[in-house]
Amino acid sequence: MRRKRIYAIGLLFLLSAGLLGTVEARQEAGNDGNNVDASIRRLISSVDPERISKHLFYLAKDPLPYRKLNLTLPGHEKNTLYEADDYLAGKLEAWGYRVEREGVRVQAFRRDTSKPKSAQYSPPKPEDPWYTAYNLYAEIKGRSHPDKIIIVLAHKDSPSWIDSPGAYDNAIGTTGVLEMARVLAEYTPESTIRFLFCNEEHTPWTSKTAAQKAKSRGDNIAAVLNMDGIGAKTAEQTAAGKKTNVTAYTKPEGKHLAELMAEVNARYSIGLEQRTAERPQPGDDDGSFVLAGYPAAVINIGSLPYGDPNYHAEGDIPEACDIENAAMAVQATLAAVVTLDRDL
Ligand SMILES: [Zn+2]
(Lines give C-alpha, C1' and ligand atoms only; values in the text may rest on other atoms or scores of the structure.)
Protein backbone atom coordinates (compact mmCIF):
# COMPACT_ATOMS: atom_id res chain seq x y z
CA MET A 1 0.00 0.00 0.00
CA ARG A 2 2.66 2.41 1.12
CA ARG A 3 4.88 1.39 -1.67
CA LYS A 4 2.06 1.99 -4.13
CA ARG A 5 1.61 5.52 -2.82
CA ILE A 6 5.29 6.16 -3.24
CA TYR A 7 5.04 4.88 -6.78
CA ALA A 8 2.03 7.10 -7.40
CA ILE A 9 3.80 10.17 -6.02
CA GLY A 10 6.90 9.28 -8.02
CA LEU A 11 4.81 8.90 -11.14
CA LEU A 12 3.08 12.24 -10.55
CA PHE A 13 6.45 13.89 -10.02
CA LEU A 14 7.85 12.41 -13.21
CA LEU A 15 4.75 13.40 -15.18
CA SER A 16 4.78 16.97 -13.93
CA ALA A 17 8.54 17.28 -14.47
CA GLY A 18 8.04 15.97 -17.99
CA LEU A 19 5.19 18.40 -18.60
CA LEU A 20 7.17 21.32 -17.20
CA GLY A 21 10.09 20.33 -19.37
CA THR A 22 7.88 20.34 -22.46
CA VAL A 23 6.38 23.72 -21.58
CA GLU A 24 9.86 25.15 -21.00
CA ALA A 25 11.12 23.75 -24.28
CA ARG A 26 8.13 25.25 -26.06
CA GLN A 27 8.70 28.62 -24.44
CA GLU A 28 12.34 28.52 -25.44
CA ALA A 29 11.45 27.66 -29.03
CA GLY A 30 8.89 30.48 -28.96
CA ASN A 31 11.42 32.95 -27.59
CA ASP A 32 13.96 31.81 -30.13
CA GLY A 33 11.39 32.26 -32.89
CA ASN A 34 10.57 35.73 -31.60
CA ASN A 35 14.25 36.63 -31.41
CA VAL A 36 14.85 35.48 -34.97
CA ASP A 37 11.80 37.46 -36.07
CA ALA A 38 12.98 40.60 -34.27
CA SER A 39 16.50 40.27 -35.62
CA ILE A 40 15.20 39.83 -39.19
CA ARG A 41 12.97 42.91 -38.79
CA ARG A 42 15.95 44.89 -37.51
CA LEU A 43 18.18 43.74 -40.37
CA ILE A 44 15.68 44.47 -43.14
CA SER A 45 14.92 47.90 -41.72
CA SER A 46 18.63 48.77 -42.13
CA VAL A 47 18.50 48.27 -45.91
CA ASP A 48 19.13 51.80 -47.18
CA PRO A 49 17.78 52.87 -50.61
CA GLU A 50 20.06 55.94 -50.55
CA ARG A 51 23.18 53.80 -50.31
CA ILE A 52 21.85 51.56 -53.10
CA SER A 53 21.32 54.66 -55.24
CA LYS A 54 24.79 56.01 -54.50
CA HIS A 55 26.53 52.76 -55.48
CA LEU A 56 24.31 52.44 -58.56
CA PHE A 57 25.20 55.90 -59.90
CA TYR A 58 28.89 55.35 -59.11
CA LEU A 59 28.98 52.04 -61.02
CA ALA A 60 26.71 52.92 -63.96
CA LYS A 61 27.20 56.64 -64.52
CA ASP A 62 29.81 58.72 -62.74
CA PRO A 63 32.72 58.06 -62.50
CA LEU A 64 32.19 54.65 -64.16
CA PRO A 65 29.82 54.77 -67.15
CA TYR A 66 30.45 51.06 -67.87
CA ARG A 67 32.06 48.01 -66.30
CA LYS A 68 33.84 46.15 -69.05
CA LEU A 69 37.30 44.80 -69.72
CA ASN A 70 37.50 46.30 -73.21
CA LEU A 71 36.98 49.89 -72.10
CA THR A 72 39.45 52.05 -70.21
CA LEU A 73 38.51 55.69 -69.60
CA PRO A 74 40.89 58.32 -71.05
CA GLY A 75 43.74 59.01 -68.62
CA HIS A 76 42.90 55.96 -66.45
CA GLU A 77 45.27 53.04 -65.89
CA LYS A 78 42.70 50.29 -65.36
CA ASN A 79 39.73 49.21 -67.43
CA THR A 80 36.28 50.10 -66.11
CA LEU A 81 35.54 46.58 -64.80
CA TYR A 82 38.76 46.56 -62.75
CA GLU A 83 37.83 50.00 -61.42
CA ALA A 84 34.45 48.61 -60.39
CA ASP A 85 36.21 45.66 -58.70
CA ASP A 86 38.35 48.09 -56.70
CA TYR A 87 35.26 50.05 -55.63
CA LEU A 88 33.44 46.90 -54.45
CA ALA A 89 36.51 45.45 -52.70
CA GLY A 90 37.20 48.78 -50.99
CA LYS A 91 33.67 48.93 -49.55
CA LEU A 92 33.74 45.28 -48.41
CA GLU A 93 37.15 45.70 -46.76
CA ALA A 94 35.96 48.83 -44.97
CA TRP A 95 33.19 46.72 -43.40
CA GLY A 96 35.71 44.15 -42.20
CA TYR A 97 35.56 41.53 -44.97
CA ARG A 98 38.58 39.86 -46.52
CA VAL A 99 38.10 39.91 -50.29
CA GLU A 100 39.38 37.07 -52.46
CA ARG A 101 39.87 37.43 -56.20
CA GLU A 102 39.63 34.48 -58.61
CA GLY A 103 40.95 35.15 -62.12
CA VAL A 104 39.20 33.67 -65.17
CA ARG A 105 40.30 34.10 -68.82
CA VAL A 106 37.51 35.63 -70.90
CA GLN A 107 36.82 37.57 -74.10
CA ALA A 108 34.43 40.38 -74.95
CA PHE A 109 31.46 39.45 -77.13
CA ARG A 110 31.33 40.70 -80.70
CA ARG A 111 28.30 42.67 -81.83
CA ASP A 112 25.89 41.53 -84.54
CA THR A 113 23.65 44.47 -85.46
CA SER A 114 21.47 42.26 -87.66
CA LYS A 115 19.97 40.72 -84.51
CA PRO A 116 17.36 42.36 -82.21
CA LYS A 117 18.89 44.97 -79.89
CA SER A 118 18.50 42.86 -76.74
CA ALA A 119 20.42 39.93 -78.27
CA GLN A 120 23.21 41.45 -80.37
CA TYR A 121 25.99 39.65 -78.48
CA SER A 122 27.75 37.16 -80.72
CA PRO A 123 30.70 34.83 -80.17
CA PRO A 124 34.22 36.31 -80.32
CA LYS A 125 36.85 35.00 -82.71
CA PRO A 126 39.82 33.14 -81.20
CA GLU A 127 42.16 35.96 -82.27
CA ASP A 128 40.14 38.58 -80.34
CA PRO A 129 41.87 39.84 -77.16
CA TRP A 130 41.75 37.77 -73.98
CA TYR A 131 41.48 39.32 -70.53
CA THR A 132 41.45 38.16 -66.93
CA ALA A 133 38.09 38.80 -65.30
CA TYR A 134 37.83 38.38 -61.54
CA ASN A 135 35.25 36.76 -59.33
CA LEU A 136 35.23 38.63 -56.01
CA TYR A 137 34.37 36.68 -52.86
CA ALA A 138 33.66 37.84 -49.32
CA GLU A 139 32.16 35.69 -46.59
CA ILE A 140 31.10 35.44 -42.96
CA LYS A 141 31.97 32.09 -41.40
CA GLY A 142 29.12 30.23 -39.74
CA ARG A 143 29.23 29.68 -35.97
CA SER A 144 27.50 26.29 -35.76
CA HIS A 145 28.02 24.72 -39.19
CA PRO A 146 30.64 26.65 -41.13
CA ASP A 147 30.70 23.85 -43.74
CA LYS A 148 27.16 24.75 -44.89
CA ILE A 149 27.20 27.67 -47.30
CA ILE A 150 24.53 30.10 -48.48
CA ILE A 151 25.63 32.07 -51.57
CA VAL A 152 24.25 35.44 -52.57
CA LEU A 153 25.59 36.58 -55.94
CA ALA A 154 25.31 39.11 -58.73
CA HIS A 155 27.13 39.68 -62.00
CA LYS A 156 28.88 43.02 -61.84
CA ASP A 157 29.94 43.60 -65.47
CA SER A 158 28.04 45.59 -68.12
CA PRO A 159 27.52 44.41 -71.73
CA SER A 160 30.91 44.04 -73.47
CA TRP A 161 29.54 44.34 -77.07
CA ILE A 162 27.69 47.63 -76.71
CA ASP A 163 28.02 50.89 -74.75
CA SER A 164 25.21 50.17 -72.29
CA PRO A 165 25.66 51.31 -68.66
CA GLY A 166 23.87 48.11 -67.58
CA ALA A 167 22.13 49.83 -64.68
CA TYR A 168 19.37 47.26 -64.29
CA ASP A 169 21.62 44.61 -65.90
CA ASN A 170 23.24 44.40 -63.44
CA ALA A 171 24.66 47.31 -61.45
CA ILE A 172 21.43 47.19 -59.44
CA GLY A 173 21.87 43.55 -58.36
CA THR A 174 25.54 44.26 -57.60
CA THR A 175 24.59 47.12 -55.29
CA GLY A 176 21.90 44.87 -53.77
CA VAL A 177 24.46 42.22 -52.83
CA LEU A 178 26.82 44.96 -51.60
CA GLU A 179 24.08 46.40 -49.37
CA MET A 180 23.31 42.93 -47.98
CA ALA A 181 27.00 42.48 -47.17
CA ARG A 182 27.00 45.82 -45.32
CA VAL A 183 23.87 45.00 -43.32
CA LEU A 184 25.09 41.47 -42.46
CA ALA A 185 28.62 42.57 -41.49
CA GLU A 186 27.63 42.62 -37.80
CA TYR A 187 25.49 39.46 -37.96
CA THR A 188 26.79 36.13 -36.66
CA PRO A 189 25.31 33.40 -38.85
CA GLU A 190 24.97 29.72 -37.99
CA SER A 191 26.03 28.74 -41.54
CA THR A 192 28.57 30.47 -43.74
CA ILE A 193 27.17 33.31 -45.87
CA ARG A 194 29.24 33.89 -48.99
CA PHE A 195 28.92 36.90 -51.31
CA LEU A 196 30.04 36.46 -54.91
CA PHE A 197 30.43 39.19 -57.50
CA CYS A 198 30.89 37.51 -60.91
CA ASN A 199 30.78 38.38 -64.64
CA GLU A 200 28.16 37.37 -67.21
CA GLU A 201 28.48 39.89 -70.05
CA HIS A 202 31.85 38.57 -71.22
CA THR A 203 32.45 34.99 -72.32
CA PRO A 204 32.70 32.45 -70.76
CA TRP A 205 30.62 33.45 -67.73
CA THR A 206 32.87 33.49 -64.66
CA SER A 207 30.07 32.06 -62.48
CA LYS A 208 30.74 28.76 -64.30
CA THR A 209 34.27 28.66 -62.89
CA ALA A 210 32.97 29.66 -59.45
CA ALA A 211 30.40 26.85 -59.44
CA GLN A 212 32.71 24.18 -60.88
CA LYS A 213 35.52 25.02 -58.46
CA ALA A 214 33.08 24.89 -55.54
CA LYS A 215 31.98 21.43 -56.70
CA SER A 216 35.54 20.14 -57.09
CA ARG A 217 36.40 21.42 -53.57
CA GLY A 218 33.31 19.59 -52.29
CA ASP A 219 31.66 22.77 -50.97
CA ASN A 220 28.34 22.05 -49.26
CA ILE A 221 26.20 24.77 -50.82
CA ALA A 222 22.71 24.77 -49.33
CA ALA A 223 21.32 27.68 -51.36
CA VAL A 224 22.26 30.09 -54.14
CA LEU A 225 20.36 33.35 -54.58
CA ASN A 226 21.19 35.34 -57.71
CA MET A 227 20.16 39.00 -57.90
CA ASP A 228 19.94 40.13 -61.51
CA GLY A 229 17.71 42.92 -62.79
CA ILE A 230 15.93 43.39 -59.46
CA GLY A 231 13.06 45.85 -59.85
CA ALA A 232 13.30 45.80 -63.68
CA LYS A 233 9.91 45.52 -65.36
CA THR A 234 7.78 46.65 -68.29
CA ALA A 235 7.08 50.33 -68.96
CA GLU A 236 3.40 49.65 -68.13
CA GLN A 237 4.26 48.11 -64.75
CA THR A 238 6.57 51.03 -63.95
CA ALA A 239 3.90 53.58 -64.92
CA ALA A 240 1.37 51.76 -62.70
CA GLY A 241 3.79 51.99 -59.73
CA LYS A 242 4.10 48.19 -59.38
CA LYS A 243 6.80 46.82 -57.07
CA THR A 244 7.57 43.41 -58.49
CA ASN A 245 9.85 40.46 -57.96
CA VAL A 246 9.96 37.07 -59.64
CA THR A 247 11.89 34.21 -58.06
CA ALA A 248 12.63 31.67 -60.75
CA TYR A 249 13.89 28.14 -60.14
CA THR A 250 14.86 25.14 -62.24
CA LYS A 251 14.74 22.22 -59.76
CA PRO A 252 12.40 21.24 -56.87
CA GLU A 253 15.11 22.32 -54.39
CA GLY A 254 14.95 25.77 -55.96
CA LYS A 255 11.17 25.79 -55.73
CA HIS A 256 11.49 25.60 -51.93
CA LEU A 257 13.64 28.74 -52.03
CA ALA A 258 11.11 30.50 -54.26
CA GLU A 259 8.32 29.59 -51.82
CA LEU A 260 10.43 30.94 -48.96
CA MET A 261 10.76 34.27 -50.80
CA ALA A 262 6.95 34.48 -50.96
CA GLU A 263 6.63 33.56 -47.27
CA VAL A 264 9.04 36.19 -46.00
CA ASN A 265 7.56 38.86 -48.28
CA ALA A 266 4.20 38.23 -46.57
CA ARG A 267 5.51 37.67 -43.02
CA TYR A 268 7.54 40.88 -42.93
CA SER A 269 5.00 42.94 -44.96
CA ILE A 270 7.68 43.88 -47.49
CA GLY A 271 5.01 44.71 -50.06
CA LEU A 272 6.40 43.13 -53.23
CA GLU A 273 4.15 41.66 -55.87
CA GLN A 274 6.07 38.42 -55.46
CA ARG A 275 5.73 35.64 -58.03
CA THR A 276 7.47 32.31 -58.54
CA ALA A 277 8.26 30.84 -61.94
CA GLU A 278 9.80 27.63 -63.22
CA ARG A 279 12.57 28.00 -65.79
CA PRO A 280 12.50 25.46 -68.61
CA GLN A 281 16.28 25.04 -68.29
CA PRO A 282 19.10 26.41 -66.13
CA GLY A 283 19.92 30.03 -66.99
CA ASP A 284 21.99 32.99 -65.84
CA ASP A 285 24.49 32.73 -63.00
CA ASP A 286 22.17 30.63 -60.82
CA GLY A 287 22.08 28.21 -63.77
CA SER A 288 25.87 27.84 -63.57
CA PHE A 289 25.38 26.40 -60.07
CA VAL A 290 22.49 24.15 -61.13
CA LEU A 291 24.66 22.77 -63.95
CA ALA A 292 27.54 22.15 -61.52
CA GLY A 293 25.26 20.03 -59.30
CA TYR A 294 23.76 22.57 -56.89
CA PRO A 295 19.99 22.42 -57.57
CA ALA A 296 18.93 24.86 -54.79
CA ALA A 297 19.60 27.92 -56.92
CA VAL A 298 17.23 30.74 -57.91
CA ILE A 299 17.23 34.12 -59.59
CA ASN A 300 15.48 37.17 -58.18
CA ILE A 301 14.52 39.38 -61.10
CA GLY A 302 11.96 42.16 -61.53
CA SER A 303 10.07 40.47 -64.36
CA LEU A 304 10.08 37.23 -66.36
CA PRO A 305 9.96 37.34 -69.33
CA TYR A 306 12.29 40.27 -68.75
CA GLY A 307 10.30 43.43 -69.42
CA ASP A 308 12.87 46.24 -69.30
CA PRO A 309 12.43 48.19 -72.56
CA ASN A 310 16.13 49.22 -72.39
CA TYR A 311 17.48 45.68 -72.03
CA HIS A 312 21.07 45.52 -73.36
CA ALA A 313 20.66 49.02 -74.84
CA GLU A 314 22.27 52.42 -74.28
CA GLY A 315 19.19 53.53 -72.33
CA ASP A 316 19.74 51.09 -69.42
CA ILE A 317 20.68 54.01 -67.16
CA PRO A 318 20.45 54.50 -63.37
CA GLU A 319 17.85 57.27 -63.71
CA ALA A 320 15.43 54.67 -65.12
CA CYS A 321 15.84 52.28 -62.17
CA ASP A 322 13.16 51.82 -59.52
CA ILE A 323 15.44 51.94 -56.49
CA GLU A 324 12.60 51.56 -54.01
CA ASN A 325 11.56 48.33 -55.74
CA ALA A 326 15.16 47.08 -55.77
CA ALA A 327 15.51 47.84 -52.04
CA MET A 328 12.36 45.79 -51.35
CA ALA A 329 13.84 42.86 -53.31
CA VAL A 330 17.03 43.20 -51.21
CA GLN A 331 14.93 43.13 -48.02
CA ALA A 332 13.09 39.97 -49.09
CA THR A 333 16.31 38.23 -50.14
CA LEU A 334 17.96 39.22 -46.85
CA ALA A 335 14.97 37.89 -44.86
CA ALA A 336 15.10 34.62 -46.84
CA VAL A 337 18.85 34.24 -46.22
CA VAL A 338 18.55 34.77 -42.45
CA THR A 339 15.50 32.48 -42.23
CA LEU A 340 17.42 29.78 -44.10
CA ASP A 341 20.43 30.32 -41.88
CA ARG A 342 18.35 29.76 -38.71
CA ASP A 343 16.51 26.76 -40.13
CA LEU A 344 19.44 24.95 -41.72
ZN1 LIG B 1 22.75 40.88 -69.65
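Both ligands and their constituent atoms are indexed starting at 1 by order of listing. Everything numeric in this text was worked out from a predicted model, so none of it was measured.
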**Q** Under the ring pair (Phe, Tyr, Trp, His ring centres under 6.0 Å) rule, what do Trp205 and His155 come out as? Steps first, then yes or no, please.
**A** CA-CA 9 Å; Trp205 297 352; His155 80 80; 8.4 Å; no
**Q** The Zn ion (ligand 1) is nearest to which N, O or S atom of His312?
**A** NE2
**Q** How about His155: does one of its N, O or S atoms come closer than 2.8 Å to the Zn ion (ligand 1)?
**A** no
**Q** Indicate, with yes or no, if the rings of Tyr82 and Tyr134 have centres closer together than 6.0 Å.
**A**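 Judged by ring-centre distance (under 6.0 Å), Tyr82 and Tyr134 do meet the cut-off.
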**Q** Compute the angle centred on the Zn ion (ligand 1) spanning OE2 of Glu201 and OD2 of Asp169, and express it rounded to 10 degrees.
**A** 90°
**Q** Show your working on side chain to side chain donor-acceptor pair (under 3.5 Å) between Gln120 and His312 and close with a plain yes or no.
**A** CA-CA 8 Å; Gln120 289 184 344; His312 287 166; over 6 Å; no
**Q** So which heavy atom on Glu179 is nearest to which on Ser46, and how close?
**A** OE2-O, 3.6 Å
